[in-house]
Amino acid sequence: MRVRFGPSPTGITHLGSARTALYNYLLAKQTGGQFILRIEDTDQKRYDPAAENDLINSLKWLGLSWDEGPDVGGDYGPYRQSERKALYQEMAEKLVASGDAFYCFCSKEELDAQRQEQKRNNQHLRYAGTCRHISLQEAQARVAAGEEYVIRFKMPKEGTTKVVDSIRGEIEFENATLDDYILVKSDGLAVYHLATMVDDHFMKVTHVLRGEEWIPTFPLHARVIRALGWEEPEWVHLSLFLKPSGKGKMSKRDTEAMQQSGESIFIRDMMAMGYPPEGVINWVALMGWSYDDQTEFFTMDELIKKFSIEKLSAKNAAIDFKKLDHFSGLHVRNLSTEELAGRIRPFIEAEGYRVDEDTLLKLTPLLQPRLITLDEVPNWVRFIFEDEVTPGVEDLVPNGMDAATALAVAKGMLIILEEARALTHENIEQPIRDLAVEMDLKLGQVFHVLRMAVAAQAVTPPLIESMELLGKEKTIKRLKDGVHLLEELVNGASDE
RNA sequence: GCCCCCAUCGUCUAGGGGACUAGGACGUAGCCCUUUCAAGGCUAAGACCGGGGUUCGAAUCCCCGUGGGGGUACCA
């Protein structure tokens, strides 16, 4: 099985592309075939070199490696359509010679005017056929004379075109509703409709998985291939992704608004936010595909084993970022401590903190069940790496407790910590429990005082283990500061 | 306008004539566990778009309607 992913380098790689690439990749791996990366850059005007770079990074991050492509080469190159111009021209001329295509000399202005007219009369918006009947000799003469031209496919005016999609079955189109699509632009470069059909043939692509937005031009593609006397690949049209509301495709406005609220369909953003690629893959794989009525957790290896075209859905799917978070958390937890630690490190260092391997390895298990994305790490561990911490006095006193009691708790804690050889679970957990019992307080309240004093935040990883990482000296210093603050609060209150 | 695709809980989906009292997951609510927050466990609410057929029997097959989506470029 030979499959390809043919992105056009015009924008940032997003979810839709990622899924198409993924499914293609899975099929290739599953069958021991090849996954081809082909850059479809036939539109000079929209070409963006940054986009190609982003594409490569995104695919690599997701773990989708290709067997043939512009960077790795292969037996069927070049893998960049702009470098295959002559081939397309040759095939286009073949189509002209066989009467399946024709030269068209209509100017954009004329065509535009025609469209306006058709729109006014509520007619189908289609090429009027002006140059359809110009004789080949005359057309060739005009071309030779240097007149600007495009090459259009000559769509039959009668009959139907039947095509077969693997998940939808047969689809039939009335030829009369189809257009004489342009195959070669006036700049001499083929458009998608010709270029990818030609490439798929010469690159021996056996299965085409592409977005559903190609169904309207599906009959054109089939006819181009048939006119050239080639065999069609198996066609699979993937359903589209809709915005979270389910109302329509994602627009530029939508994606920008999304990024404002910390969500994004761009792979590079997910990378930056610290989503594990495994989670993104699992999530996106399940948008439009399912395995059975129970299984939802998949690693790449499992997807390679279990993916199948038959289980693909034709229904468009609304993007659900909550579900991405779910899969993200699942895969964070599925990572080994060492692996997760390695991925967490850059997020800690990006904050300007230095962390030794031993500390990192002890810290990671504390974080593992709590993380959705890795960019949350700094907020969890900041108090461990900062030299000082400044809790608000009022925050030191738990709800439903008075300042004097909080002070007593803090003092009690101080004694416990000072007496402990090291701040380990075995050394201090029981004494803390005893303290709570003695003072007739809930364990949570007692911990709250300690937590606020040591971390200056109400939510932390397990406190005892965190204090062990912080070190006895810093911990006690902070607790003492807390005691002072509470003393001031208590004294101040009694002064009034 | 015209062409095409699609239609099960809010969302992603299982289901391909009887196994359906319609299953799972996310989210939501509650409970358990618990030093905070999570994680984990349990429970609950929640869907077959409408109408006609076909059939002994339809979520499943057909038709119409409605709704949603896509296309309608010298973009892909």
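Only this structure's heavy atoms are used, side chains among them; waters, hydrogens and symmetry mates stay out. Note on naming: letters A, B, ... go to the chains in the order of the sequence lines (proteins, then strands), and numbering restarts at 1 for each one.
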For [X], answer base if it contacts any base atom (sugar-phosphate contacts may also be present), sugar-phosphate if it contacts only those atoms, and nothing otherwise; contact means non-hydrogen atoms under 4.0 Å.
{"X": "A:Trp289", "answer": "nothing"}
{"X": "A:Ile171", "answer": "sugar-phosphate"}
{"X": "A:His448", "answer": "nothing"}
{"X": "A:Gly288", "answer": "sugar-phosphate"}
{"X": "A:Val191", "answer": "sugar-phosphate"}
{"X": "A:Arg126", "answer": "nothing"}
{"X": "A:Pro7", "answer": "nothing"}
{"X": "A:Pro244", "answer": "nothing"}
{"X": "A:Arg168", "answer": "sugar-phosphate"}
{"X": "A:Phe173", "answer": "sugar-phosphate"}
{"X": "A:Lys249", "answer": "sugar-phosphate"}
{"X": "A:Ser8", "answer": "sugar-phosphate"}
{"X": "A:Thr42", "answer": "sugar-phosphate"}
{"X": "A:Lys311", "answer": "sugar-phosphate"}

Say you pick atom [atom1] in [N] and the same atom in [M]; how far apart are they, in whole Å?
{"N": "B:C26", "M": "B:A44", "atom1": "P", "value": "15 Å"}
{"N": "B:C2", "M": "B:G10", "atom1": "C1'", "value": "34 Å"}
{"N": "B:A73", "M": "B:G17", "atom1": "P", "value": "42 Å"}
{"N": "B:U8", "M": "B:C12", "atom1": "P", "value": "8 Å"}
{"N": "B:C49", "M": "B:U34", "atom1": "C1'", "value": "46 Å"}
{"N": "B:G53", "M": "B:A47", "atom1": "P", "value": "27 Å"}
{"N": "B:A45", "M": "B:C5", "atom1": "P", "value": "39 Å"}
{"N": "B:A14", "M": "B:C20", "atom1": "C1'", "value": "12 Å"}

Original post:
Do A:Tyr275 and A:Trp283 have their ring centres less than 6.0 Å from each other?
Top reply: no
Original post:
So, A:His14 versus A:Phe241, ring centres under 6.0 angstrom or not?
Top reply: no
Original post:
In terms of side-chain heavy atoms, does A:Glu117 have a donor or acceptor partner in A:Asn121 at a distance below 3.5 Å?
Top reply: yes
Original post:
Side-chain donor-acceptor pair under 3.5 Å between A:Ser328 and A:Asp325, yes or no?
Top reply: no
Strand partner of [N], provided both Watson-Crick or wobble distances fall under 3.5 Å:
{"N": "B:A14", "answer": "none"}
{"N": "B:C33", "answer": "none"}
{"N": "B:G65", "answer": "B:C49"}
{"N": "B:U28", "answer": "B:A44"}

Original post:
Given A:Asp180, which of A:Arg152, A:Arg132, A:Lys154 fulfils the salt bridge (Lys or Arg N to Asp or Glu O under 4.0 Å) condition?
Top reply: A:Arg132
**OP:** Return the minimal non-hydrogen interatomic distance between A:Leu242 and A:Asn316, and the atom names on each side.
**Re:** CD2-CB, 3.6 Å
Subject >> Pair A:Arg168 + A:Asp165, salt bridge at N-O below 4.0 Å >> reply: yes
Subject >> Aromatic ring pairing A:Tyr291/A:Trp289, orientation class (parallel under 30°, perpendicular over 60°, tilted between) >> reply: tilted
Original post:
When the nearest nucleotide of RNA chain B is assigned to A:Phe447 and to A:Ala190 on a heavy-atom basis, which residue is associated with the more 5' position?
Top reply: A:Phe447
Original post:
RNA chain B: A:Met287 or A:Arg115, which has the more 5' nearest nucleotide?
Top reply: A:Met287
Original post:
Among A:Arg226, A:Arg210, A:Glu232, whose side chain to side chain donor-acceptor pair (under 3.5 Å) with A:His221 holds?
Top reply: A:Arg210
Subject >> Contact interval (first through last nucleotide) of RNA chain B with protein chain A, 4.0 Å heavy-atom >> reply: B:G1 to B:A76
